[in-house]
Amino acid sequence: MASRIRDLALFDLAIDSKLRGCDLVALRVSDVAHGVSLLHRAIVPQRKTQRPVQFEIP
């Protein structure tokens, strides 16, 4: 059951952020959270283009 929750969370984040799969699986908790609170927005550099992608986390 835990893997399904993780997969659903990654799927939802992929749709919201429009990140490529390789960028999505490379995310760390520290990229989307600060301590115990979830960030409202995150900025992640794309691996392929090195351009930063900003996205909101619902």
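In this chain, numbering begins with 1 at the start of the sequence shown. Because only heavy atoms are used, hydrogens play no part in the values below, and waters and symmetry mates are left out as well, while side chains stay in.
Considering all non-hydrogen atoms of both residues, Val53 and Phe55 come closest at O-CD2, 3.9 Å. Residues Val25 and Cys22 approach most closely at CG2-O, 3.6 Å, considering heavy atoms. The minimum heavy-atom distance between Ala42 and Ile57, with the atom names listed, is CB-CD1, 4.2 Å. Of all the heavy atoms in Arg47 and Ala26, the pair that sits closest is NH2-CB, 3.7 Å. Here the closest non-hydrogen pair linking Leu27 and Leu19 is CD1-CD1, 4.3 Å.
Checked by atom type and distance alone, the side chain of Ser37 pairs as donor or acceptor with a backbone atom of His34 at under 3.5 Å.
In the hydrophobic clustering of ILVMFWY residues, with side-chain heavy atoms under 4.5 Å counting as a link, Val44 and Leu39 come out apart.
Legend: residues meeting side chain to side chain contact (heavy atoms under 4.5 Å, CB included) with Leu10, ordered by chain and number and at least two apart, are Arg6, Leu24. With sequence neighbours excluded, the residues that form a side chain to side chain contact (heavy atoms under 4.5 Å, CB included) with Gln54 are Arg41, Ile43.
For residues 17-29, no residue pair satisfies the salt bridge (Lys or Arg N to Asp or Glu O under 4.0 Å) rule, not counting sequence neighbours.
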